[in-house]
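Here's the structure we're looking at; comments come further down.
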Amino acid sequence: MKIIAVLSQKGGSGKTTLAGHLAVQADLAGAGPVAVLDADPQESLAEWRSSRQSETPIVVQTSLWRLRGDVDRMRHRGIKLLIIDTPPGIVSTIQSAIEVSDLVVIPSRPSPHDLRAVGKTVAAVDGLKKPLVFVVNCASSRARITSDAAVALSQHGTLAPTIVHQRADFASSMIDGRTVMEMARKSPSAAEIDRLWAYLSDRLNAQVHQTFLTPMQDAAVG
């Protein structure tokens with residue numbers, strides 16, 4: 001089972017919407033069975049799932065104390081991809097999600113406040129030696145601060161090549177349990193999520209492959 005933790009210690013980064021969209025896109029792309037652990041006390045993804053007509057992805061509400069046990073249960077259920085949506089600002093929960101993940105995705109709005117908050121999140125990820133990918137999220141088209149944010153984030157780590165822009169269809173689709181891909185498959189928003197998932201999938205597969213390959217290489221050298 002591959003695990004992605006979507007996290008940001010700054011609220012309002014669009015983290016939950018992004019996590020839900022990535023889960024659906026991964027399922028559409030054949031990476032399933034896909035499940036989401038909703039570790040946010042607001043239970044936004046759990047409520048979104050209750051409005052969905054589709055049976056996928058699976059969404060399970062969890063907490064800091066149940067996280068590891070729920071991860072194990074998802075593995076035993078045959079889940080192939082697990083996405084963890086974490087609450088903002090709760091360091092202990094974020095750290096627990098980082099520990100069990102194969103890849104950490106950090107969405108950030110292109111704003112000074114969001115960019116300043118990135119440092120603490122990066123420190124937590126680096127401390128546990130986990131690979132991370134930044135995503136410029138909720139961006140305004142053709143705004144200079146969007147490109148400035150991309151440059152600033154790239155100085156802290158790997159930046160996803162796809163920028164996810166602020167559009168009304170992201171919020172409106174989530175109201176009735178859907179995503180932008182299920183509203184209009186050929187929309188600009190759907191295309192961004194498609195490209196973003198393709199990139200993250202490649203990174204995730206490369207990371208998991210390296211994790212399993214390295215011990216074999218070490219043994220061969222020894």
Side-chain angles (χ1 to χ4, degrees), residues 4-29 31 34 36 38 40 42-54 56-57 59 81 83-88 103-118 121 132-154 158-203:
I4 295 177
V6 184
L7 59 90
S8 173
Q9 289 183 260
K10 174 74 169 59
S13 65
K15 172 181 55 59
T16 295
T17 297
L18 187 64
H21 275 74
L22 288 174
V24 171
Q25 181 58 37
D27 187 65
L28 292 172
V34 179
V36 180
D38 183 0
D40 194 329
Q42 295 184 24
E43 302 184 9
S44 298
L45 279 179
E47 292 178 2
W48 165 78
R49 177 66 185 86
S50 67
S51 300
R52 279 183 67 76
Q53 295 183 3
S54 173
T56 58
V59 177
L81 174 69
I83 296 178
I84 304 175
D85 181 35
T86 61
L103 180 67
V104 175
V105 174
I106 305 176
S108 177
R109 288 178 179 265
S111 76
H113 295 301
D114 286 72
L115 294 175
R116 279 193 286 267
V118 161
T121 308
L132 67 84
V133 173
F134 292 111
V135 177
V136 177
N137 197 32
C138 306
S140 299
S141 298
R142 296 183 295 277
R144 178 177 176 179
I145 193 172
T146 297
S147 58
D148 290 346
V151 172
L153 289 172
S154 66
T158 303
L159 177 68
T162 298
I163 294 175
V164 180
H165 290 85
Q166 178 76 54
R167 297 190 185 91
D169 56 354
F170 278 109
S172 60
S173 69
M174 297 286 283
I175 292 174
D176 60 358
R178 293 185 293 169
T179 61
V180 294
M181 298 85 70
E182 295 160 308
M183 291 180 63
R185 188 62 185 150
K186 294 184 179 180
S187 69
S189 298
E192 288 173 357
I193 297 298
D194 190 358
R195 291 194 300 270
L196 178 59
W197 167 248
Y199 172 77
L200 293 177
S201 178
D202 287 345
R203 286 295 309 273

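Throughout, residue positions are numbered sequentially from 1 according to the sequence presented. Hydrogens, waters and symmetry mates play no part in the numbers below; they use all other heavy atoms, side chains included.
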For this session: Please determine if Arg178 and Asp176 form a salt bridge, counting it only when a charged side-chain N lies under 4.0 Å from a carboxylate O.
Result: yes
Problem set entry | Heavy-atom closest pair, residues Leu81 and Ala26 | CD2-CB, 3.4 Å
Exercise. Just by distance, do the side chain of Asp38 and the backbone of Ala46 share a donor-acceptor pair under 3.5 Å?
Worked result: yes
Exercise. So, the side chain of Arg49 versus the backbone of Pro57: is there a donor-acceptor pair under 3.5 Å, distance only?
Worked result: yes
Exercise. Do you know which two heavy atoms are closest between Leu103 and Leu200, and how far apart they sit?
Worked result: CD2-O, 4.1 Å
Problem set entry | Asp194 to Arg185 - nearest heavy-atom pair and separation | OD2-NH2, 4.2 Å
For this session: Compare every heavy atom of Ser111 with every heavy atom of Ile145, then report the nearest pair and how far apart it is.
Result: CD1-CA, 3.9 Å
Seminar exercise, completed: Residues Ser172 and Met183: closest non-hydrogen pair is OG-CE, 4.0 Å
Problem set entry | Derivation and outcome, side-chain contact (heavy atoms from CB on, under 4.5 Å), residues Trp197 and Leu28 | CA-CA 10 Å; Trp197 167 248; Leu28 292 172; over 6 Å; no
For this session: Using only heavy-atom distances, determine whether the side chains of Glu182 and Thr179 contain a donor-acceptor pair under 3.5 Å.
Result: yes
Problem set entry | Nearest heavy atoms of Leu115 and Ser108, plus distance in Å | CD2-OG, 4.0 Å
Exercise. Do His165 and Pro188 have side-chain heavy atoms sitting under 4.5 Å apart?
Worked result: no
Exercise. Will you find, in the side chains of Arg195 and Tyr199, an N or O donor that is under 3.5 Å from an N or O acceptor?
Worked result: no
Problem set entry | Residues Met174, Leu45; criterion side-chain contact (heavy atoms from CB on, under 4.5 Å); working and verdict | CA-CA 9 Å; Met174 297 286 283; Leu45 279 179; 4.1 Å; yes
For this session: Determine yes or no for a side-chain-to-main-chain donor-acceptor pair under 3.5 angstrom, with Thr121 supplying the side chain and Ser8 the backbone.
Result: no
